[in-house]
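Everything below concerns the one structure shown next.
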Protein chains: 2
Amino acid sequence: MQIHHYLKQFDIKPSVQRTAVMDYLMSYKTHPTIDEIYSYLSPFMPTLSKTTIYNTLNLFVEKGAVLQLAIDEKNARYDADISNHAHFKCKNCGKVYDLFDLKQELFAKPMLEGFDIHTVELSYSGICGSCKGMN
Amino acid sequence: MQIHHYLKQFDIKPSVQRTAVMDYLMSYKTHPTIDEIYSYLSPFMPTLSKTTIYNTLNLFVEKGAVLQLAIDEKNARYDADISNHAHFKCKNCGKVYDLFDLKQELFAKPMLEGFDIHTVELSYSGICGSCKGMN
DNA sequence: ATATATCTTTGTAATGATTATAACTTTGTA
DNA sequence: TACAAAGTTATAATCATTACAAAGATATAT
Ligand SMILES: [Mn+2]
Ligand SMILES: [Mn+2]
Ligand SMILES: [Zn+2]
Ligand SMILES: [Zn+2]
């Protein structure tokens with residue numbers, strides 16, 4: 001199964017729960033919160049615990065398989081797409097959108113004396129198209 | 001007094017507490033948390049309440065006088081420098097550094113169909129110079 | 001200057017996200 | 001099968017933030 005293989009690439013043992021979480025993240029690219037992941041999976045896996053979702057995502061982030069986004073002040077949000085892209089958070093509806101069509105230069109890690117830069121996070125906020133003109 | 005005048009520019013009435021918080025933010029550019037601000041000011045203002053620090057900073061952010069940084073997953077951090085600059089958070093010591101010497105293009109708000117972009121936040125993380133070679 | 005309304009601050013309680021803990025279950029191996 | 005290691009679960013604890021209501025300060029009208 002491809003998700004099993006993908007997890008192994010990051011040195012993650014593919015349990016049923018871990019596979020389900022990664023499958024969800026790869027299928028629904030909505031940058032979900034822990035609660036959203038748990039609420040979706042729980043009906044399919046009645047014994048699933050929210051702690052497992054926390055454990056699983058902490059492991060995924062640690063192993064580099066998933067990004068933890070800081071764009072939402074309230075809850076952590078997770079993204080299985082670890083390629084260079086930015087995010088936009090709507091101040092009105094809270095939805096987090098992907099922004100792929102930006103110059104790659106924006107994601108360059110600057111060479112700065114005294115800083116060993118590992119990660120780059122570029123976030124925008126404002127009002128999204130669906131919310132414009134409403135409210 | 002200059003801080004009073006500065007606050008008024010943002011339509012903020014300069015109370016004693018608000019002035020003290022803005023003074024602190026402008027003097028110590030360490031991107032402090034609520035707790036750090038409270039711990040510093042409390043000895044000088046014995047009746048000060050932590051709720052006031054929360055109220056004050058929420059007001060400052062709402063009025064655009066201060067930036068709330070999302071770079072730290074645990075606590076909100078605040079910055080009185082609202083000019084274009086990026087931040088670096090050390091994964092080891094947790095300190096948040098300013099990065100001023102970056103191209104202004106990095107802070108441009110891209111023109112994208114369906115997005116009305118108000119703010120840009122550019123954050124890096126990795127290991128800082130003081131932490132390199134230690135641990 | 002006094003009364004009244006509005007704004008601000010304060011302390012406490014409530015909420016909500018995340019982590020710690022310990023028991024239980026599953027998996028891998030001898 | 002037997003044992004050890006890894007993973008999952010439920011519950012309790014922690015910690016940041018917000019809600020609330022009372023008290024205090026400031027502004028406005030008489
Ligand atoms: Mn994304
Ligand atoms: Mn700064
Ligand atoms: Zn929206
Ligand atoms: Zn450091």
Side-chain angles (χ1 to χ4, degrees), chain A residues 1 3-4 7-8 10-24 31-63 65-78 89 94 96, chain B residues 1 3-4 7-8 10-24 31-63 65-78 89 94 96:
Chain A
M1 215 263 211
I3 292 181
H4 281 216
L7 290 175
K8 279 178 191 156
F10 292 96
D11 199 29
I12 296 164
K13 289 190 187 169
S15 69
V16 174
Q17 290 86 347
R18 289 170 182 173
T19 303
V21 170
M22 182 56 85
D23 193 3
Y24 177 77
H31 314 95
T33 63
I34 294 282
D35 263 28
E36 286 165 354
I37 299 168
Y38 176 73
S39 298
Y40 177 86
L41 293 178
S42 187
F44 300 107
M45 308 174 75
T47 71
L48 184 65
S49 164
K50 198 180 282 187
T51 300
T52 298
I53 310 293
Y54 276 101
N55 292 340
T56 298
L57 284 159
N58 286 344
L59 178 71
F60 285 2
V61 171
E62 201 179 296
K63 296 292 189 180
V66 156
L67 290 177
Q68 183 170 27
L69 305 182
I71 197 171
D72 185 340
E73 317 80 45
K74 306 290 177 190
N75 320 317
R77 291 178 170 275
Y78 298 90
K89 169 140 171 285
V96 175
Chain B
M1 214 265 214
I3 292 180
H4 281 216
L7 290 175
K8 277 177 191 155
F10 292 97
D11 200 28
I12 296 164
K13 290 190 188 169
S15 69
V16 175
Q17 291 84 348
R18 289 169 182 173
T19 303
V21 171
M22 183 54 87
D23 194 3
Y24 178 77
H31 314 92
T33 63
I34 294 283
D35 263 26
E36 287 165 354
I37 299 169
Y38 177 73
S39 298
Y40 178 87
L41 293 178
S42 188
F44 299 106
M45 310 175 74
T47 71
L48 184 65
S49 163
K50 197 179 282 187
T51 301
T52 298
I53 309 293
Y54 276 100
N55 291 340
T56 298
L57 284 159
N58 286 344
L59 178 71
F60 285 1
V61 170
E62 201 179 295
K63 296 292 190 181
V66 156
L67 291 178
Q68 183 170 26
L69 306 182
I71 198 171
D72 185 341
E73 317 79 44
K74 306 290 177 190
N75 320 317
R77 291 179 170 273
Y78 298 91
K89 170 140 170 285
V96 175

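What you see below is based on every heavy atom in this structure, not just the backbone, and it leaves out hydrogens, waters and symmetry mates. Chain letters run A, B, ... following the sequence lines, proteins first, then strands; residues in each count from 1.
A:Thr47 comes within contact range of the sugar-phosphate backbone alone, with a heavy-atom separation under 4.0 Å but no base atom that close. Looking at heavy-atom distances under 4.0 Å, A:Asn58 makes contact with sugar-phosphate atoms alone, never a base.
Rounded to an integer number of Å, the gap from B:Asp72 CG to D:dT17 C1' is 14 Å. Atom CZ in B:Arg77 sits about 16 Å away from atom C1' in D:dT17, given to the nearest Å. Summarising the geometry, the separation between CD1 on A:Ile34 and C1' on C:dT19 is reported as 12 Å, rounded to the nearest angstrom. One atom, CG of B:Asn55, and another, P of D:dA23, lie 18 Å apart when rounded to the nearest Å. Atom OH in A:Tyr38 sits about 10 Å away from atom C1' in D:dT9, given to the nearest Å. D:dT11 atom C1' lies 16 Å from atom CG of A:Leu48, rounded to whole Å. As a whole-Å value, the separation of B:Asp35 CG from D:dA16 P is 6 Å. Atom NZ of B:Lys74 and atom P of D:dC15 are 11 Å apart (whole Å).
Residue A:Thr52 places at least one side-chain N or O closer than 4.0 Å to OP1 or OP2 of D:dT9. Within the structure, a side-chain polar atom (N or O) of A:Ser15 is placed less than 4.0 Å from OP1 or OP2 of D:dT8. The side chain of B:Gln17 contributes an N or O atom lying less than 4.0 Å from OP1 or OP2 of C:dT10. At least one side-chain nitrogen or oxygen of B:Tyr54 sits closer than 4.0 Å to the OP1 or OP2 atom of D:dT17.
One cannot find a donor-acceptor pair under 3.5 Å joining the base of C:dT19 and the side-chain atoms of A:Thr51.
Across all strands shown, C:dT26 is found opposite D:dA5 as a Watson-Crick or G-U wobble partner, with both distances under 3.5 Å.
Of the residues near DNA chain D, B:Lys13 and B:Asn75, the one whose nearest nucleotide (by heavy atom distance) lies more toward the 5' end is B:Asn75.
For the pair A:Met22/A:Thr56, no side-chain contact is recorded, criterion being any heavy-atom separation below 4.5 Å from C-beta on. In this structure, the side chains of B:Val61 and B:Tyr78 come closer than 4.5 Å at one or more pairs of heavy atoms.
At least one donor-acceptor pair closer than 3.5 Å links the side chain of A:Arg18 to the backbone N or O of A:Lys13. Panel note: side chain B:Arg77, backbone B:Leu69; no donor-acceptor pair is recorded below 3.5 Å.
Checked against a 6.0 Å centroid threshold, the rings of B:Tyr24 and B:Tyr40 count as neighbours.
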